[in-house]
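Worksheet for the structure shown next.
From a predicted model like this one, the values you see are computed outputs, not experimental measurements. Note on naming: letters A, B, ... go to the chains in the order of the sequence lines (proteins, then strands), and numbering restarts at 1 for each one.
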Amino acid sequence: MSGLDKRVGSYAEALAGLTDNMTVLAGGFGLCGIPENLIAEIRRLGVRGLTVVSNNCGVDGFGLGVLLEDRQIRKMIASYVGENALFERQLLNGELEVELTPQGTLAEKLRAGGAGIPAFFTATGYGTPVAEGKEAREFNGRHYILEPAITGDFAIVKGWKADHFGNVIYRHTAQNFNPLVATAGRITVVEVEEIVEPGELDPAHIHTPGIYVDRIIQGSFEKRIEKRTLRA
Amino acid sequence: MALTREQMAQRVARELKDGYYVNLGIGIPTLVANYVPEGIDVMLQSENGLLGMGAFPTEDELDADMINAGKQTVTARKGASIFSSAESFAMIRGGHVDLTVLGAFEVDANGNIASWMIPGKLIKGMGGAMDLVAGADNIIVTMTHASKDGESKLLKHCSLPLTGCGCIRKVLTDLAYLEIDNGHFILRERAPGVSIDEIVSKTAGPLIVPDDVIEMTF
(Lines give C-alpha, C1' and ligand atoms only; values in the text may rest on other atoms or scores of the structure.)
Protein backbone atom coordinates (compact mmCIF):
# COMPACT_ATOMS: atom_id res chain seq x y z
CA MET A 1 0.00 0.00 0.00
CA SER A 2 1.31 3.35 -1.01
CA GLY A 3 1.19 6.19 1.48
CA LEU A 4 -0.77 8.08 -1.12
CA ASP A 5 -3.51 5.44 -1.24
CA LYS A 6 -6.39 7.07 0.67
CA ARG A 7 -8.84 4.16 0.55
CA VAL A 8 -10.29 2.89 3.83
CA GLY A 9 -12.26 -0.30 4.33
CA SER A 10 -15.18 0.77 6.51
CA TYR A 11 -17.21 3.79 7.56
CA ALA A 12 -15.94 3.31 11.12
CA GLU A 13 -12.40 3.69 9.81
CA ALA A 14 -13.46 6.64 7.64
CA LEU A 15 -14.48 8.65 10.72
CA ALA A 16 -11.89 7.31 13.20
CA GLY A 17 -10.84 10.12 15.53
CA LEU A 18 -14.14 12.00 15.46
CA THR A 19 -14.97 12.89 19.06
CA ASP A 20 -17.35 15.08 21.07
CA ASN A 21 -17.34 18.86 20.58
CA MET A 22 -15.54 18.80 17.24
CA THR A 23 -16.39 20.98 14.25
CA VAL A 24 -17.65 19.07 11.22
CA LEU A 25 -17.92 20.68 7.76
CA ALA A 26 -20.47 18.96 5.53
CA GLY A 27 -20.93 19.32 1.77
CA GLY A 28 -24.31 19.44 0.03
CA PHE A 29 -27.09 21.86 -0.89
CA GLY A 30 -30.47 20.84 0.43
CA LEU A 31 -30.35 17.05 0.05
CA CYS A 32 -28.32 17.26 -3.17
CA GLY A 33 -24.76 15.97 -2.88
CA ILE A 34 -24.85 15.24 0.86
CA PRO A 35 -22.50 12.65 2.37
CA GLU A 36 -25.46 10.62 3.56
CA ASN A 37 -23.56 7.52 4.75
CA LEU A 38 -20.95 9.54 6.65
CA ILE A 39 -23.77 11.43 8.35
CA ALA A 40 -25.41 8.11 9.26
CA GLU A 41 -22.07 6.94 10.70
CA ILE A 42 -21.81 10.09 12.86
CA ARG A 43 -25.23 9.20 14.20
CA ARG A 44 -24.08 5.63 14.93
CA LEU A 45 -20.94 6.90 16.70
CA GLY A 46 -23.12 8.99 19.02
CA VAL A 47 -20.64 11.86 19.30
CA ARG A 48 -22.22 14.98 20.81
CA GLY A 49 -21.69 18.71 21.16
CA LEU A 50 -20.82 19.05 17.48
CA THR A 51 -20.58 22.32 15.61
CA VAL A 52 -21.80 21.56 12.10
CA VAL A 53 -21.11 23.84 9.16
CA SER A 54 -23.34 23.18 6.16
CA ASN A 55 -25.56 25.28 3.90
CA ASN A 56 -28.67 23.50 5.28
CA CYS A 57 -29.48 20.99 8.02
CA GLY A 58 -31.22 18.25 6.04
CA VAL A 59 -34.88 17.38 6.63
CA ASP A 60 -36.62 15.45 9.38
CA GLY A 61 -35.23 11.92 9.25
CA PHE A 62 -32.71 12.40 6.44
CA GLY A 63 -29.36 14.08 5.93
CA LEU A 64 -28.03 16.17 8.81
CA GLY A 65 -31.57 16.13 10.26
CA VAL A 66 -30.83 12.67 11.73
CA LEU A 67 -28.14 14.18 13.98
CA LEU A 68 -30.79 16.29 15.67
CA GLU A 69 -32.73 13.24 16.87
CA ASP A 70 -30.18 12.39 19.61
CA ARG A 71 -29.21 16.06 20.05
CA GLN A 72 -25.71 15.56 18.65
CA ILE A 73 -25.48 19.07 17.20
CA ARG A 74 -24.80 21.93 19.61
CA LYS A 75 -24.33 24.64 17.02
CA MET A 76 -25.26 24.93 13.35
CA ILE A 77 -23.66 27.38 10.94
CA ALA A 78 -25.87 27.56 7.81
CA SER A 79 -27.53 29.95 5.38
CA TYR A 80 -31.00 28.40 5.37
CA VAL A 81 -32.62 26.02 7.83
CA GLY A 82 -36.30 26.16 6.95
CA GLU A 83 -37.06 22.55 6.07
CA ASN A 84 -36.94 20.85 9.42
CA ALA A 85 -39.52 20.75 12.26
CA LEU A 86 -37.16 19.14 14.79
CA PHE A 87 -34.58 21.84 14.08
CA GLU A 88 -37.19 24.49 14.77
CA ARG A 89 -38.22 22.89 18.06
CA GLN A 90 -34.64 22.55 19.36
CA LEU A 91 -33.86 26.12 18.30
CA LEU A 92 -36.89 27.51 20.13
CA ASN A 93 -36.05 25.34 23.21
CA GLY A 94 -32.55 26.78 23.29
CA GLU A 95 -31.04 23.29 22.84
CA LEU A 96 -29.49 24.31 19.56
CA GLU A 97 -27.55 27.41 18.62
CA VAL A 98 -27.63 28.69 15.05
CA GLU A 99 -25.40 31.16 13.26
CA LEU A 100 -27.10 32.23 10.04
CA THR A 101 -24.56 33.17 7.40
CA PRO A 102 -25.21 34.45 3.88
CA GLN A 103 -24.71 31.64 1.40
CA GLY A 104 -21.93 33.30 -0.60
CA THR A 105 -20.15 34.38 2.57
CA LEU A 106 -20.39 30.81 3.89
CA ALA A 107 -18.89 29.44 0.67
CA GLU A 108 -16.08 32.01 0.75
CA LYS A 109 -15.38 31.41 4.48
CA LEU A 110 -14.76 27.74 3.64
CA ARG A 111 -12.74 28.55 0.54
CA ALA A 112 -10.64 31.02 2.56
CA GLY A 113 -10.24 28.52 5.41
CA GLY A 114 -8.84 25.93 3.03
CA ALA A 115 -6.62 28.46 1.27
CA GLY A 116 -4.90 29.85 4.37
CA ILE A 117 -6.69 33.21 4.32
CA PRO A 118 -7.83 34.06 7.89
CA ALA A 119 -10.54 36.58 6.95
CA PHE A 120 -11.82 38.68 4.04
CA PHE A 121 -13.87 41.79 3.42
CA THR A 122 -17.24 41.51 1.67
CA ALA A 123 -20.07 43.95 0.97
CA THR A 124 -22.58 41.18 1.67
CA GLY A 125 -24.47 41.87 4.89
CA TYR A 126 -23.22 45.43 5.44
CA GLY A 127 -25.94 47.42 7.23
CA THR A 128 -27.84 44.24 8.18
CA PRO A 129 -27.96 42.13 11.38
CA VAL A 130 -25.13 40.00 9.90
CA ALA A 131 -22.72 42.95 10.30
CA GLU A 132 -23.28 43.33 14.05
CA GLY A 133 -20.02 43.17 15.98
CA LYS A 134 -17.90 42.94 12.81
CA GLU A 135 -15.23 45.34 11.64
CA ALA A 136 -16.40 47.54 8.75
CA ARG A 137 -14.15 49.33 6.31
CA GLU A 138 -14.57 51.48 3.22
CA PHE A 139 -12.79 50.67 -0.04
CA ASN A 140 -13.29 52.92 -3.09
CA GLY A 141 -16.40 54.46 -1.56
CA ARG A 142 -18.16 51.19 -0.70
CA HIS A 143 -18.68 49.62 2.70
CA TYR A 144 -17.46 46.13 3.53
CA ILE A 145 -17.43 43.90 6.61
CA LEU A 146 -14.68 41.59 7.79
CA GLU A 147 -15.69 37.94 7.79
CA PRO A 148 -13.43 35.30 9.41
CA ALA A 149 -12.62 32.05 7.58
CA ILE A 150 -13.91 28.65 8.70
CA THR A 151 -11.92 25.45 9.16
CA GLY A 152 -13.02 22.21 10.78
CA ASP A 153 -11.71 19.12 12.53
CA PHE A 154 -13.42 16.92 9.97
CA ALA A 155 -14.79 17.62 6.49
CA ILE A 156 -17.32 15.14 5.13
CA VAL A 157 -17.73 15.18 1.38
CA LYS A 158 -19.86 13.42 -1.24
CA GLY A 159 -18.15 12.87 -4.60
CA TRP A 160 -19.10 10.98 -7.73
CA LYS A 161 -15.81 9.25 -8.58
CA ALA A 162 -12.41 9.21 -6.94
CA ASP A 163 -9.17 7.39 -7.57
CA HIS A 164 -6.90 5.82 -4.93
CA PHE A 165 -5.02 9.10 -4.57
CA GLY A 166 -8.17 10.93 -3.50
CA ASN A 167 -8.62 12.90 -6.71
CA VAL A 168 -12.35 13.58 -6.83
CA ILE A 169 -14.93 14.62 -9.41
CA TYR A 170 -18.51 15.61 -8.59
CA ARG A 171 -21.64 14.97 -10.62
CA HIS A 172 -23.78 17.88 -11.88
CA THR A 173 -25.05 20.27 -9.18
CA ALA A 174 -24.11 17.77 -6.46
CA GLN A 175 -20.81 19.68 -6.53
CA ASN A 176 -22.08 22.77 -4.63
CA PHE A 177 -20.23 23.15 -1.28
CA ASN A 178 -18.37 19.81 -1.51
CA PRO A 179 -15.07 20.99 -3.06
CA LEU A 180 -14.97 23.89 -0.56
CA VAL A 181 -15.43 21.85 2.60
CA ALA A 182 -12.93 19.34 1.18
CA THR A 183 -10.18 21.97 1.42
CA ALA A 184 -11.06 23.20 4.92
CA GLY A 185 -11.03 20.04 7.03
CA ARG A 186 -8.04 18.98 9.15
CA ILE A 187 -9.17 15.47 8.20
CA THR A 188 -11.13 15.30 4.96
CA VAL A 189 -13.20 12.20 4.29
CA VAL A 190 -14.79 11.67 0.88
CA GLU A 191 -17.43 9.08 0.09
CA VAL A 192 -18.04 8.38 -3.58
CA GLU A 193 -20.25 6.30 -5.82
CA GLU A 194 -17.27 4.69 -7.49
CA ILE A 195 -13.56 4.31 -6.78
CA VAL A 196 -11.70 4.07 -10.07
CA GLU A 197 -8.16 3.04 -10.98
CA PRO A 198 -5.54 5.82 -10.98
CA GLY A 199 -5.29 7.21 -14.50
CA GLU A 200 -8.95 6.76 -15.30
CA LEU A 201 -9.88 10.32 -14.38
CA ASP A 202 -8.59 13.03 -16.73
CA PRO A 203 -6.11 15.08 -14.63
CA ALA A 204 -7.47 18.29 -16.15
CA HIS A 205 -11.00 17.48 -15.05
CA ILE A 206 -10.32 16.83 -11.34
CA HIS A 207 -12.46 19.06 -9.12
CA THR A 208 -10.74 18.23 -5.81
CA PRO A 209 -7.05 17.27 -6.10
CA GLY A 210 -5.99 14.45 -3.79
CA ILE A 211 -3.74 16.70 -1.68
CA TYR A 212 -6.84 17.85 0.21
CA VAL A 213 -8.17 14.36 0.85
CA ASP A 214 -7.22 12.00 3.68
CA ARG A 215 -9.69 9.13 3.38
CA ILE A 216 -11.81 7.72 0.54
CA ILE A 217 -14.62 5.24 0.80
CA GLN A 218 -17.09 3.86 -1.73
CA GLY A 219 -20.75 3.80 -0.67
CA SER A 220 -24.22 3.36 -2.04
CA PHE A 221 -26.62 6.27 -1.93
CA GLU A 222 -30.34 6.82 -1.64
CA LYS A 223 -30.08 10.34 -3.19
CA ARG A 224 -33.46 11.49 -1.92
CA ILE A 225 -35.10 14.29 -3.94
CA GLU A 226 -36.37 17.22 -1.86
CA LYS A 227 -38.63 18.91 -4.44
CA ARG A 228 -39.42 16.62 -7.32
CA THR A 229 -40.56 18.99 -10.07
CA LEU A 230 -41.48 17.78 -13.54
CA ARG A 231 -42.24 19.64 -16.79
CA ALA A 232 -45.98 20.23 -17.15
CA MET B 1 -56.70 46.29 -12.41
CA ALA B 2 -53.69 45.21 -10.42
CA LEU B 3 -51.26 43.05 -12.38
CA THR B 4 -51.46 39.29 -12.04
CA ARG B 5 -48.32 37.37 -11.12
CA GLU B 6 -47.97 36.39 -14.77
CA GLN B 7 -48.26 40.01 -15.93
CA MET B 8 -45.64 41.05 -13.38
CA ALA B 9 -43.31 38.40 -14.78
CA GLN B 10 -44.12 39.57 -18.33
CA ARG B 11 -43.30 43.18 -17.45
CA VAL B 12 -39.98 42.21 -15.84
CA ALA B 13 -39.13 40.11 -18.90
CA ARG B 14 -39.18 43.29 -21.02
CA GLU B 15 -36.03 44.36 -19.16
CA LEU B 16 -34.13 41.33 -20.51
CA LYS B 17 -31.53 42.02 -23.18
CA ASP B 18 -29.93 39.61 -25.59
CA GLY B 19 -26.86 38.04 -24.01
CA TYR B 20 -27.83 38.76 -20.40
CA TYR B 21 -26.85 36.48 -17.52
CA VAL B 22 -29.81 36.57 -15.13
CA ASN B 23 -30.48 35.32 -11.60
CA LEU B 24 -34.17 34.78 -10.83
CA GLY B 25 -35.34 34.40 -7.24
CA ILE B 26 -38.14 32.19 -5.96
CA GLY B 27 -41.82 33.02 -6.69
CA ILE B 28 -42.80 35.63 -9.28
CA PRO B 29 -39.16 36.05 -10.44
CA THR B 30 -39.07 32.36 -11.45
CA LEU B 31 -42.01 32.99 -13.81
CA VAL B 32 -39.94 35.54 -15.77
CA ALA B 33 -38.25 32.61 -17.53
CA ASN B 34 -41.59 31.86 -19.26
CA TYR B 35 -41.69 35.29 -20.94
CA VAL B 36 -38.24 35.72 -22.47
CA PRO B 37 -38.97 37.83 -25.60
CA GLU B 38 -38.62 36.26 -29.03
CA GLY B 39 -35.17 36.56 -30.57
CA ILE B 40 -33.44 37.12 -27.21
CA ASP B 41 -31.13 34.56 -25.64
CA VAL B 42 -30.37 34.77 -21.93
CA MET B 43 -28.51 32.43 -19.58
CA LEU B 44 -30.15 31.78 -16.21
CA GLN B 45 -27.88 31.54 -13.16
CA SER B 46 -28.90 29.39 -10.22
CA GLU B 47 -26.76 30.17 -7.18
CA ASN B 48 -26.28 26.55 -6.11
CA GLY B 49 -23.82 26.35 -9.00
CA LEU B 50 -25.53 26.24 -12.39
CA LEU B 51 -25.26 28.74 -15.24
CA GLY B 52 -27.66 27.80 -18.01
CA MET B 53 -30.67 26.47 -16.13
CA GLY B 54 -33.10 24.73 -18.47
CA ALA B 55 -36.69 23.53 -18.18
CA PHE B 56 -37.98 21.20 -15.48
CA PRO B 57 -37.19 17.58 -16.38
CA THR B 58 -39.44 14.93 -17.86
CA GLU B 59 -39.81 11.72 -15.85
CA ASP B 60 -36.96 10.23 -17.91
CA GLU B 61 -34.67 13.21 -17.37
CA LEU B 62 -35.29 13.40 -13.60
CA ASP B 63 -31.93 13.38 -11.77
CA ALA B 64 -31.37 13.89 -8.03
CA ASP B 65 -28.01 15.51 -8.83
CA MET B 66 -29.58 18.28 -10.95
CA ILE B 67 -31.41 20.88 -8.88
CA ASN B 68 -31.86 24.65 -8.81
CA ALA B 69 -31.45 27.07 -5.90
CA GLY B 70 -35.07 26.43 -4.91
CA LYS B 71 -34.11 22.72 -4.59
CA GLN B 72 -36.41 21.78 -7.48
CA THR B 73 -35.23 19.24 -10.02
CA VAL B 74 -34.17 20.97 -13.27
CA THR B 75 -32.25 20.35 -16.48
CA ALA B 76 -29.23 22.15 -17.92
CA ARG B 77 -29.61 23.83 -21.30
CA LYS B 78 -27.10 23.57 -24.13
CA GLY B 79 -24.09 25.71 -23.25
CA ALA B 80 -24.59 25.39 -19.50
CA SER B 81 -21.77 25.18 -16.96
CA ILE B 82 -21.70 23.77 -13.43
CA PHE B 83 -19.38 24.83 -10.63
CA SER B 84 -18.94 25.14 -6.86
CA SER B 85 -20.85 27.49 -4.56
CA ALA B 86 -17.72 29.67 -4.15
CA GLU B 87 -17.43 30.09 -7.92
CA SER B 88 -21.15 30.80 -8.13
CA PHE B 89 -20.98 33.61 -5.57
CA ALA B 90 -17.78 34.97 -7.11
CA MET B 91 -19.94 35.63 -10.20
CA ILE B 92 -22.63 37.23 -8.07
CA ARG B 93 -20.43 39.20 -5.68
CA GLY B 94 -18.09 40.20 -8.47
CA GLY B 95 -20.90 41.92 -10.37
CA HIS B 96 -20.88 39.59 -13.38
CA VAL B 97 -24.62 38.88 -13.34
CA ASP B 98 -26.43 41.38 -15.60
CA LEU B 99 -29.83 41.27 -13.93
CA THR B 100 -31.12 39.96 -10.61
CA VAL B 101 -34.86 39.66 -9.91
CA LEU B 102 -36.04 38.93 -6.40
CA GLY B 103 -38.96 39.37 -4.03
CA ALA B 104 -39.11 41.42 -0.81
CA PHE B 105 -41.27 42.26 2.22
CA GLU B 106 -40.35 45.96 2.10
CA VAL B 107 -38.30 48.43 0.07
CA ASP B 108 -37.57 52.00 1.10
CA ALA B 109 -36.80 55.29 -0.61
CA ASN B 110 -33.09 54.96 0.18
CA GLY B 111 -32.87 51.69 -1.74
CA ASN B 112 -32.87 49.49 1.35
CA ILE B 113 -34.50 46.08 1.12
CA ALA B 114 -35.94 43.77 3.79
CA SER B 115 -36.77 40.27 2.60
CA TRP B 116 -35.56 37.59 5.01
CA MET B 117 -36.63 38.07 8.59
CA ILE B 118 -39.78 38.97 10.50
CA PRO B 119 -38.91 39.33 14.19
CA GLY B 120 -41.12 37.17 16.38
CA LYS B 121 -41.62 34.63 13.61
CA LEU B 122 -39.29 31.71 13.01
CA ILE B 123 -36.18 32.82 11.17
CA LYS B 124 -35.22 30.43 8.43
CA GLY B 125 -32.18 32.22 7.05
CA MET B 126 -31.20 34.53 4.23
CA GLY B 127 -29.86 31.91 1.83
CA GLY B 128 -28.17 33.79 -1.02
CA ALA B 129 -30.32 36.94 -0.92
CA MET B 130 -27.81 39.15 0.91
CA ASP B 131 -25.05 38.21 -1.53
CA LEU B 132 -27.33 38.82 -4.51
CA VAL B 133 -28.40 42.32 -3.45
CA ALA B 134 -24.87 43.31 -2.43
CA GLY B 135 -23.28 42.05 -5.62
CA ALA B 136 -25.67 43.06 -8.37
CA ASP B 137 -25.79 46.45 -10.03
CA ASN B 138 -29.06 45.85 -11.82
CA ILE B 139 -31.77 44.52 -9.51
CA ILE B 140 -35.54 44.46 -9.96
CA VAL B 141 -37.61 43.80 -6.85
CA THR B 142 -41.04 42.25 -7.45
CA MET B 143 -43.67 42.38 -4.74
CA THR B 144 -47.23 43.49 -4.08
CA HIS B 145 -47.53 47.23 -3.52
CA ALA B 146 -49.32 46.80 -0.19
CA SER B 147 -49.91 43.96 2.24
CA LYS B 148 -53.24 42.14 2.46
CA ASP B 149 -54.18 44.56 5.25
CA GLY B 150 -53.47 47.50 2.94
CA GLU B 151 -50.15 48.48 4.56
CA SER B 152 -47.72 50.00 2.06
CA LYS B 153 -44.53 48.03 1.38
CA LEU B 154 -42.83 51.08 -0.20
CA LEU B 155 -41.63 52.97 2.85
CA LYS B 156 -39.57 55.94 3.93
CA HIS B 157 -37.52 53.58 6.09
CA CYS B 158 -37.77 49.78 6.16
CA SER B 159 -39.20 48.57 9.46
CA LEU B 160 -37.88 45.00 9.22
CA PRO B 161 -34.22 43.90 9.52
CA LEU B 162 -32.45 44.61 6.24
CA THR B 163 -31.18 42.23 3.58
CA GLY B 164 -29.08 44.99 2.04
CA CYS B 165 -28.76 48.76 2.15
CA GLY B 166 -28.76 51.32 -0.64
CA CYS B 167 -28.81 48.65 -3.33
CA ILE B 168 -32.30 48.78 -4.91
CA ARG B 169 -33.14 51.19 -7.74
CA LYS B 170 -36.06 49.42 -9.51
CA VAL B 171 -39.30 48.04 -8.08
CA LEU B 172 -42.17 46.39 -9.94
CA THR B 173 -45.34 45.98 -7.90
CA ASP B 174 -48.78 44.77 -8.90
CA LEU B 175 -49.73 48.45 -9.33
CA ALA B 176 -46.68 50.20 -10.72
CA TYR B 177 -43.13 50.25 -11.95
CA LEU B 178 -41.01 52.66 -9.93
CA GLU B 179 -37.41 53.77 -9.76
CA ILE B 180 -35.58 54.89 -6.63
CA ASP B 181 -33.28 57.89 -6.73
CA ASN B 182 -31.97 60.33 -4.17
CA GLY B 183 -34.32 59.38 -1.36
CA HIS B 184 -37.48 59.18 -3.49
CA PHE B 185 -39.59 56.69 -5.36
CA ILE B 186 -40.28 57.88 -8.91
CA LEU B 187 -43.44 56.56 -10.56
CA ARG B 188 -42.60 55.50 -14.12
CA GLU B 189 -45.47 53.21 -15.15
CA ARG B 190 -48.87 52.27 -13.79
CA ALA B 191 -50.78 49.02 -14.24
CA PRO B 192 -53.60 49.19 -16.81
CA GLY B 193 -56.62 50.94 -15.29
CA VAL B 194 -54.89 51.69 -11.96
CA SER B 195 -55.13 55.37 -11.06
CA ILE B 196 -52.22 57.50 -9.96
CA ASP B 197 -54.28 58.42 -6.89
CA GLU B 198 -54.44 54.77 -5.82
CA ILE B 199 -50.67 54.39 -6.23
CA VAL B 200 -50.06 57.61 -4.28
CA SER B 201 -52.35 56.47 -1.46
CA LYS B 202 -50.59 53.09 -1.22
CA THR B 203 -47.03 54.47 -1.26
CA ALA B 204 -45.89 55.45 2.23
CA GLY B 205 -42.41 56.62 1.20
CA PRO B 206 -41.75 59.93 -0.59
CA LEU B 207 -43.03 59.62 -4.16
CA ILE B 208 -42.40 61.78 -7.21
CA VAL B 209 -45.09 61.58 -9.91
CA PRO B 210 -43.73 62.93 -13.21
CA ASP B 211 -46.07 64.23 -15.95
CA ASP B 212 -45.31 61.35 -18.28
CA VAL B 213 -46.33 58.23 -16.31
CA ILE B 214 -46.92 55.43 -18.84
CA GLU B 215 -49.87 53.05 -18.61
CA MET B 216 -48.58 49.50 -19.12
CA THR B 217 -50.02 47.42 -21.94
CA PHE B 218 -50.10 43.62 -22.28
Original post:
So how far is it from A:H172 NE2 to B:N48 CG, rounded to the nearest 0.5 Å?
Top reply: 13.0 Å

Original post:
Quick one: CH2 on A:W160 to CG on B:D65, what's the gap to the nearest 0.5 Å?
Top reply: 9.0 Å

**OP:** Measure distances from A:L91 to the heavy atoms of chain B and classify the residue's part below 4.5 Å as side chain, backbone, both or neither.
**Re:** side chain

Original post:
Would you call B:C165 and A:Y126 a side-chain contact if the rule is heavy atoms closer than 4.5 Å?
Top reply: yes

Subject >> Region of B:L132 in contact with chain A, defined by heavy-atom distances below 4.5 Å >> reply: neither

**OP:** Any chance you could measure B:T73, atom OG1, to A:K227, atom NZ, to the nearest 0.5 Å?
**Re:** 11.0 Å

**OP:** Give, as side chain, backbone, both or neither, the part of A:L230 having an atom under 4.5 angstrom from any heavy atom of chain B.
**Re:** both

Original post:
Considering residues, nucleotides and ligands other than A:Y11, do more than 12 of their heavy atoms fall under 6.0 Å from its OH?
Top reply: yes

Original post:
Between the side chains of B:S85 and A:N176, is a donor N or O closer than 3.5 angstrom to an acceptor N or O?
Top reply: no

**OP:** Measure the shortest side-chain to side-chain distance between B:F83 and A:H207 over non-hydrogen atoms and say whether it is less than 4.5 angstrom.
**Re:** no

**OP:** Below 4.5 Å from any heavy atom of chain A, which atoms of B:S46 appear? Answer side chain, backbone, both or neither.
**Re:** neither

**OP:** Please indicate whether B:E179 has more than 12 foreign heavy atoms, meaning atoms of other residues, nucleotides or ligands, lying under 6.0 Å from its CD.
**Re:** yes

Original post:
In terms of heavy-atom proximity below 4.5 Å to chain B, should A:N55 be classed as side chain, backbone, both, or neither?
Top reply: neither

**OP:** Would you sort out whether B:E59 and A:R228 count as a salt bridge (charged side-chain N to carboxylate O under 4.0 Å, His left out), showing the intermediate values?
**Re:** CA-CA 10 Å; B:E59 190 87 42; A:R228 180 192 165 93; 2.4 Å; yes

Subject >> Side chain, backbone, both or neither of B:I92 within contact of chain A (heavy atoms, under 4.5 Å) >> reply: neither

Subject >> Top of B:V133, B:D63, B:T163 for chain A proximity - count of heavy-atom pairs under 4.5 angstrom >> reply: B:D63

**OP:** Sort out for me which of A:R171, A:R111, A:E226 touches chain B most, counting heavy-atom pairs under 4.5 Å.
**Re:** A:R171

Original post:
Which answer fits A:Q175, side chain, backbone, both or neither, if we ask what part of it has an atom under 4.5 Å from a heavy atom of chain B?
Top reply: side chain

Subject >> Best-contacting candidate, A:L106, A:I225, A:T173, A:V98, against chain B by heavy atom pairs under 4.5 angstrom >> reply: A:T173

Original post:
Any chance CZ of B:R169 has more than 12 other-residue heavy atoms, nucleotides or ligands included, within less than 6.0 Å?
Top reply: no

**OP:** Step through the shown structure and confirm whether more than 12 heavy atoms of other residues, nucleotides or ligands are within 6.0 Å of CD1 on A:I211.
**Re:** no

**OP:** Run the salt-bridge test on A:E88 and B:K124 with the 4.0 Å N-O cut-off and return the result as yes or no.
**Re:** no

Original post:
Which pair of heavy atoms, one from B:L162 and one from A:P129, lies closest together, and at what distance?
Top reply: O-CD, 3.6 Å

**OP:** Measure distances from B:N68 to the heavy atoms of chain A and classify the residue's part below 4.5 Å as side chain, backbone, both or neither.
**Re:** backbone

Original post:
Do you know which of B:A76, B:G164, B:A69 has the most heavy-atom pairs with chain A at a distance under 4.5 angstrom?
Top reply: B:A69

**OP:** Report the option among A:S79, A:A107, A:G33 that has the most heavy-atom pairs separated by less than 4.5 Å from atoms of chain B.
**Re:** A:S79

Original post:
Do you know which two heavy atoms are closest between B:D131 and A:Q103, and how far apart they sit?
Top reply: OD2-N, 3.3 Å

Original post:
Which pair of non-hydrogen atoms, one from B:A86 and one from A:E108, has the smallest distance, and what is that distance?
Top reply: CB-OE1, 4.4 Å

**OP:** Search all heavy atoms of B:F56 against all heavy atoms of A:R231 and return the closest pair with its distance.
**Re:** O-NE, 2.8 Å

Subject >> Leading residue by heavy atom contact count with chain B [cutoff under 4.5 Å; candidates A:G30, A:G127, A:P102, A:A174] >> reply: A:P102

Subject >> chain A contact via B:E61 - which portion, at a heavy-atom distance below 4.5 Å >> reply: side chain

Original post:
Does B:Y35 OH have over 12 foreign heavy atoms under 6.0 Å away?
Top reply: yes

Original post:
For the candidates A:L100, A:N178, A:L31, which exhibits the highest count of non-hydrogen atom pairs separated by less than 4.5 Å from chain B?
Top reply: A:L100

Subject >> Gap separating the CD atom of B:E87 from the CG atom of A:L180, nearest 0.5 angstrom >> reply: 10.0 Å

**OP:** Please report the shortest heavy-atom distance between A:T128 and B:M130, naming the atom on each side.
**Re:** OG1-CE, 3.6 Å

